[in-house]
Amino acid sequence: MNKFYLTTPLYYVNSKPHIGHSYTQIACDALARYKRLQLGRENVFFLTGTDEHGQKIARAAQAAGKEPQAFTDEISQTFRDLWKTLNVDTDDFIRTTEDRHKKAVGRVWEELKGKKVGGEDVLYRHTYDGWYCVSCETFHVEGPAEAGGPVACPDCKKPLERMKEDTYFFRMSAYQERLMKDLREDKLRVLPETRKNEVLGFLEHNKLADLSVSRPKSRLAWGIPIPFDPEHVTYVWFDALINYVSAAGYGSDPEKLAKWWPADVHVIGKDIIRHHAVIWPILLYALDLELPRTVFAHGWWVVGGEKMSKSLGNAVDPLGLAQKYGIDAYRYFLLREVPFGSDGTFSEEALILRFNTDLANDIGNLLHRSLTMCEKYFNGEVPASRVSLTGGMTPPGRYTLDLKVLAAALPEKLDALMGRLAFSEALQEIWALISRANKFIEESAPWTLAKEGKTEDLAIVIGTLHEVLRIVAQAVWPFIPATAEGLWAQLGIEEPITKSPLHARSWGYFKDGGHKVAKGAPLFPRIDTGEEKKGDKKKAKEQKG
């Protein structure tokens, strides 16, 4: 079946969302929109949600003077609100406190109960004695201690806590060789390749430990109870990972599960790669479910040399940035600034530079100049964009062929790049067409053609520019949808921007001419940084003297 199932991680609701969360979400939204252009909306399932159990949530709720459910209701809503503000168009939002998810988790416990692997129980009771990071909800098999106590968690830098308690264990160790084989053969594709090598390296040099997957209710009541042992609740990571199948119908809707599972891409941050490329596939083995096709672990945004995170207290507010610079400028910056998978250094100066160069100077300027000339020379009606392929072609015709070749190659390039979530490179290819179109204006000099009365050549130039703009609008729609739709409207095109399939962006929409444009305000008015004013004053002074 031609379908695409895409997930974000579940975001932990101990506090409000930051730029790192929005990075994952916007990237997934761009991919989902791209796939909808290819497959149609009904064949794409884009899932997100919130992770709402565990000790850290219970403590955060207590600190806020609220019951855990009321606390998670409030924080979960901030995620929903932010995604709406950032124009993220999801198909489902799951919360781990929902009944459908609890039912699926209960079904997992029942499936694993009494199951054998290598002649031994998949689930067994055992006393856990070791170090635990409440902030990361993660066990550390070896909790290194110094004279004054345990060292900090290597991830969040907060102190580890000593834990000793009787819990249920999941026999992960029995599946280690199978997982390594599937990773090597890309039956579970982990991207970027560096992350695959990281996971394989870990498995090759370490004997996989079995995982404690429950907590005594006497210590932690805020969790999903085990159906056959109500004195224990589910470990938060075991609970959270199950969302990928619970939202797809596991335990409640076999037809829905058959349609969507396996997931095509899980997009996560690189700090939770082992949870998704080790714990999750092994759980799927135990449940006799197919592995997801791809796990993609992106990099971090870095501020002052450190990972941006809530735990470290250096998070940047995405809502404030979107309100200050515009939603699409924020989306564009995150997807364009660094290759998806690498770490990126965040600064407002870099965002402003992208805004003024790529958005204001390039795409904004191309649209404004093209529509202005269409109004000036053809009363706002797009002339026919046909170009003779016979000999003796005028210069505008030759330049048009260059643009046609570039535009014709774009869909195939985008398919390949989006297939490996190379968002920055995909935008670079689109901007190559935009840059070529801006250069085309200078090469063809339409103002000179108008002055010399070369109406036919002038029509070729203006028609060509509008063909490029239509193709660009659809190409950028997954990344900056509001901008694309605004551009589309200014071109005077009434049909929805998503109506035509991705590969139907053929040249010739305006081939018969007569299409009326509707020029509006500039898409991206330049941001005055103050430096430009200094430059203008200096230039004026030099001209005077």
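Numbers here are sequence positions counted from 1. Note that these values count all heavy atoms, side chains included, but never hydrogens, waters or copies made by symmetry. Just so it is clear, the model here is predicted, and its values are computed rather than measured.
Aromatic pair Tyr325/Phe355: centroids not less than 6.0 angstrom apart. Less than 6.0 angstrom separates the ring centroid of Tyr244 from the ring centroid of Trp280. Between Phe423 and His298, the gap from one ring centroid to the other reaches at least 6.0 Å. In summary, the aromatic rings of Tyr332 and Trp431 are positioned with their centroids under 6.0 Å apart.
One distance of note links OH of Tyr330 with OH of Tyr23; it measures 11.0 Å at 0.5 Å rounding. Interatomic distance, CZ of Arg420 versus CD of Glu425, reported as 5.5 Å (0.5 Å rounding). Taking NE2 of His266 as the reference point, atom CG of Leu291 lies at 9.5 Å (rounded to 0.5 Å). Atoms OG and NZ, on Ser342 and Lys270 in that order, are 8.5 Å from each other to the nearest 0.5 Å. A distance of 9.5 Å separates OG1 in Thr167 from CZ in Arg219, rounded to the nearest 0.5 Å. Atoms CZ and CD1, from Arg274 and Ile279 in turn, are 10.0 Å apart once rounded to the nearest 0.5 Å.
Residues Tyr12 and Ile75 are not in side-chain contact: their nearest non-hydrogen atoms beyond the backbone lie 4.5 Å or more apart. Taking 4.5 Å as the limit, every side-chain heavy atom of Phe479 sits out of range of all side-chain heavy atoms of Arg331. Within the 4.5 Å cutoff, side-chain heavy atoms of Phe170 are placed close to those of Ile282. Counting only heavy atoms from C-beta outward, the side chains of Leu123 and Asp121 never approach each other to under 4.5 Å. A heavy-atom distance below 4.5 Å is found between the side chains of Ile497 and Gln474. No side-chain heavy atom of Thr50 sits under 4.5 Å from any side-chain heavy atom of Arg80. Side-chain atoms of Leu191 and Phe340, non-hydrogen and from C-beta on, never get closer than 4.5 Å to each other. Counting heavy atoms from C-beta outward, Tyr175 and Leu208 have side chains that stay 4.5 Å or more apart.
A salt bridge links Asp89 with Arg36: the distance from a Lys NZ or Arg NE/NH1/NH2 to an Asp or Glu carboxylate oxygen falls below 4.0 Å. Looking at Asp29 and Arg33, a side-chain N of the basic residue comes within less than 4.0 Å of a carboxylate O on the acidic one, giving a salt bridge.
Judged as a salt bridge (charged side-chain N to carboxylate O under 4.0 Å, His left out), the pairs with a partner in residues 167-178 (not counting sequence neighbours) are, in order, Glu120-Arg171.
Within the 3.5 Å criterion, the main-chain N or O of Pro216 finds no donor-acceptor partner in the side chain of Glu231. A distance-only check finds a donor-acceptor pair linking the side chain of Asp91 to the backbone of Phe46 [under 3.5 Å]. Of the possible polar contacts, one joining the Thr234 side chain to the Ile224 backbone as a donor-acceptor pair under 3.5 Å is found. In this structure, Asn243 contributes its side chain and Ala240 its backbone to a donor-acceptor pair below 3.5 Å. The backbone N or O of Gly299 lies less than 3.5 Å from no partner atom in the side chain of Asp343, so there is not a single donor-acceptor pair.
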Full working for side chain to side chain donor-acceptor pair (under 3.5 Å) between Gln77 and Asp73: CA-CA 6 Å; Gln77 190 60 46; Asp73 287 347; over 6 Å; no
After noting the C-alpha distance and the side-chain angles of Asp415 and Gln38, does the key distance pass the side chain to side chain donor-acceptor pair (under 3.5 Å) rule? CA-CA 10 Å; Asp415 277 356; Gln38 288 182 313; 2.9 Å; yes
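Nearest heavy atoms, Gly251 versus Lys103: O-CE, 3.4 Å. Across every non-hydrogen atom of Glu429 and Leu417, the tightest pair is CG-CD1, 3.7 Å.
Between the side chains of His101 and Asp239, at least one donor N or O sits under 3.5 Å from an acceptor N or O.
For the pair Lys3 and Trp260, the cation does not sit on the ring face, since its NZ or CZ is not both under 6.0 Å from the ring centre and inside 45° of the axis. Both cation-pi conditions hold for Arg125 and Tyr168: the charged atom is under 6.0 angstrom from the six-membered ring centre and inside a 45 degree cone around its axis.
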